[in-house]
Each structure stands twice: as structure tokens, then as C-alpha cells.
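Reading through the C-alpha cells given below for one structure.
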Amino acid sequence: MPDTPAVTTEAARAPAERGTGGPWLWLPAQQQPAWSGHGDLGWVRDRLSEIPPLVAADEIDTLTADLARAAAGGARILQAGDCAEDLRECTPAHIRAKTSVLAGLGGHLRRLSGQPVVEVGRIGGQFGKPRSSPVETVDGVEVPAFRGHIVHSETPTPEARRPDPLRMLRVHAASAAVADRLRRERVRRGRGRSAGPGPWTSHEALVLDYEAPLVRREADGRLLLGSTHLPWLGDRTRGLNAAHLALLGAVANPVGCKIGPAATPEDVARLCARLDPDRAPGRLVLIVRMGRARVAEHLPGIVQAVRRGGHPVVWLSDPMHGNTVHAPDGRKTRHLDDLVAEARAFQSVLRRHRQHPGGFHLEVAASDVTECVGGTVGGTAAIGRRYTTLCDPRLNPEQAHELLAACV
Ligand code: PEP
Ligand code: CO
């Protein structure tokens, strides 16, 4: 699984002058941008350590309480959005479209399940991408693989793919605007209620030169990751002795962790012990992404290990990331049938072990894209018409509705 060599970035080796230090500053980290000693890096980290966090402690507490409800079987979680956010798509109109698709899917899941649904976007910070290969070939030219708008542009030239640390400030500004919109939406929906159904923000906490300076110590002594409500560890960066786990283990936010096909029950037990030592309901969300062919065989042992450890986790099915295939034209795609099969198998394993299938983690676009096969997209020949993702193929809203209807 380690696809790029362990890298500790230069800035990560320097002790934090402001904010909070911690072992994530010196432990090895996979999948970090090769800033190559860029002169702006230290300055950007300083700025990030000074500016206000994007989320507040009371929001974290509300979300944790709602996740605790889902862990206990009384609610569902819908986590969905772009694979990679686009900096150009953070305008009020784009955010309105994204939150309305999320709300539509959340309402659909609520009606199907008969349970309250908490909405969590892959939004307001989902700008960094781990990659299986450090390079990709576009039109016969090999260029560094696209690692998200937090690192560089998607334009496939060596110049445009050069990492630029100033992008971290652009990501912060765009994420602040998104966070503000979502906060207003929660206030609008939550009037007259004690707790809101979201929408909350989440992203993979990947680029440590961005995440680490955004850790803040609260007045009550807790550490808060100020970049998002619900950060998650990716399947490629969940190593036990690595910086990402140290960081997410130290903060009070609820945290997610992807569980891929290579994870053993022992690995997951150790991850749970590190991320949820207090066995706190609502603290830990396990996001299972095994692939259609593997989930029925691999998941039971993992569920048993987590139960034995006494961790009251939320179980989510990510049926997307274990089911990516290549279409004849070389583009990545996913077949709705495979996604449905994995999500169904996930639920039946959990029910068999008397655990609550807490919900779904999906990649869904806000518009009628043709990136995955199924529903109105009749076959791989039809995927090219509106294929606009910056990274992985997303469902369009109609396909996502169909997926939920077929599974719940
Ligand atoms: C993702 O969610 O976009 C992702 C890269 O997932 P994973 O870490 O599960 O591969
Ligand atoms: Co993805």
C-alpha cells in the first residue's frame, strides 16, 4: 500500500512557533506535496496559525452528539460531495446547489429509513488528494499526478503541477466562505430545535502543512482541528506510527477513518484504540470501502474486533472507492450495480452482527454529470458527455437517489 516514500516536509520538521506542537510535526507522513523548499512555505504556515479557525467547539459538540445518536442506532449519516473540490466552485451559487443536493439526498434517506439524518458534506476543505501513483500520463506526456487544488492546478503540464504553498491560503479563504454559508443554512434549518441536522463540513485531513497550523487549544484545554468539523484519515495515510494518526488522535473533533481491503481486524482494533481510547460515543466514524467482491469476506472479522474493543463507532459504507474501474477510453468510472452490491453487503454484515448500518459516504456531483455508469448513463460509451470531475468519478444526483433506494 505505501505508494510514495514516507516524506517529512521541511516545515513539518521545524518546531511550531505558534499554536500547538505535537508529534505530528516530526513523525513520517505519506502523500505530502513536494514543496521543494519553496520560499513561501514558512510564511504561509505562520499565517495559517494566526487566522481564526473555520469551526467552533460548540459545533463540534453538537455534531458529536448527533453522531453518538447514530452510533446507538437512532439516526443515519449521509456524508457526500465531490471527490476533489474545485476552488472555482465555492461561489454562493455553487454552494447553494451542493447543499441542496445534499439536503435532497438526506431527505430521501430519512424517508427510506424512517430515521433522522445528519448531513455531512465533503465540502469546505476537500482540496487535497492522495494518489496511488506519483505521476500520470496525459496525452502521452508524463506529469506529476494531480493532488488537489490545495497543491497545484489540474492543468496537466509540469509548470502548472508545481506545488505552490500560497494555494493553502486560497483554500482557507474559500473554505471560510463555504463554512459561513453552511453555518447560515444550519441556523435557518435549526430554528426552534436544540440540535441541527447539518450540513456539516468534512474532508480528508491530508496536507499537514495546512492542517497542523489550524490546530487550536480551547479555553477548556481541548485541542480543536480548526479546518473542518469531521476530518478523516484516508486509506493510504492511516499508518499507526505516522503523523496523520497522531494528529487526529489528539484533537477533540469527531474523526473518520477509511477502512480498505488491506486492513486486518488487528489493524482496525489498534486504530480504534488510538483514535477512541475513551470509547466515546460519536467520536469515531469507520468508513468501510472494501470493494464489492471483498466486503462480505473481510468485514465480519473487523466488526467483531471493534465490538470486542468496546468502541461505539458509527459504521458508514463508502461503496465508491473499492469499485473504481477503467472504461475502454482509459477514464476512471464506477458501475452503480457494483456500488449497490457493496452497500447492501455492508448492511447485511452489520445487521448479522447486531450493529447499526449508520449510513453512506458517497461521491456525488451537484449537477447532472456522466461519470459513473447506471441509471440514465447507459454504458461506458456514455460516460464522456459531462465528465468534469477533478479526480474520481462521481454519481449524479439521480444515480445517488437510485443507490439509496436500492439499498435502504
Ligand atoms: C477519497 O475519499 O476521495 C479517498 C481518496 O478515499 P480512500 O482514502 O478511501 O482511498
Ligand atoms: Co475519491
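When a ligand or atom number is given, it counts from 1 through the structure's own listing order.
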Inset, instruction - Decide side chain to side chain contact (heavy atoms under 4.5 Å, CB included) for V285 and V255; before the verdict, give the C-alpha distance in whole Å, the side-chain angles of both, and the deciding distance to 0.1 Å. - result: CA-CA 6 Å; V285 180; V255 297; over 6 Å; no
Inset, instruction - Using a strict 4.0 Å cut-off to heavy atoms of G234, name the atoms of ligand 1 that fall inside it. - result: 8 (O)
Legend entry - ligand 1 atoms in contact with R122 (distance to a heavy atom under 4.0 Å): 1 (C), 2 (O), 3 (O)
Is it the case that the side chain of [X] and the backbone of [Y] share a donor-acceptor pair, with hydrogens and angles ignored and the cut-off at 3.5 Å?
| X | Y | result |
| --- | --- | --- |
| R274 | L240 | yes |
| R236 | Q31 | no |
| D40 | P165 | no |
| E342 | V295 | no |
| H108 | H401 | yes |

Inset, instruction - Look at atom 5 (C) of ligand 1 and say which protein heavy atom is nearest, naming residue and atom and giving the distance to 0.1 Å. - result: P130 CG, 3.7 Å
Legend entry - Residue and atom name of the nearest protein heavy atom (relative to atom 8 (O) of ligand 1), distance in Å to one decimal: D235 N, 2.8 Å
Legend entry - If only protein N, O or S atoms under 2.8 Å count, total around the Co ion (ligand 2): 4
Legend entry - SB check R88 E154 (cutoff 4.0 Å): yes
Inset, instruction - Check whether any heavy atom of K129 sits under 4.0 Å from an atom of ligand 1. - result: yes
Legend entry - Min N/O separation R236 to ligand 1 under 3.5 Å: yes
Inset, instruction - Please indicate whether any nitrogen or oxygen in H361 is less than 3.5 Å from any nitrogen or oxygen in ligand 1. - result: no
Inset, instruction - Report the member of E204, H321, R289, K258 with the shortest heavy-atom distance to atom 10 (O) of ligand 1. - result: R289
Inset, instruction - Indicate whether any N or O donor in one side chain lies under 3.5 Å from an N or O acceptor in the other, for E211 and H203. - result: yes
Legend entry - D338/H335 under side chain to side chain donor-acceptor pair (under 3.5 Å): CA gap, chis, key distance, verdict: CA-CA 5 Å; D338 293 337; H335 292 262; 5.4 Å; no
Inset, instruction - Measure from NZ or CZ of R131 to the centre of the six-membered ring of F146, then state whether that distance is under 6.0 Å and the direction lies within 45° of the axis. - result: no
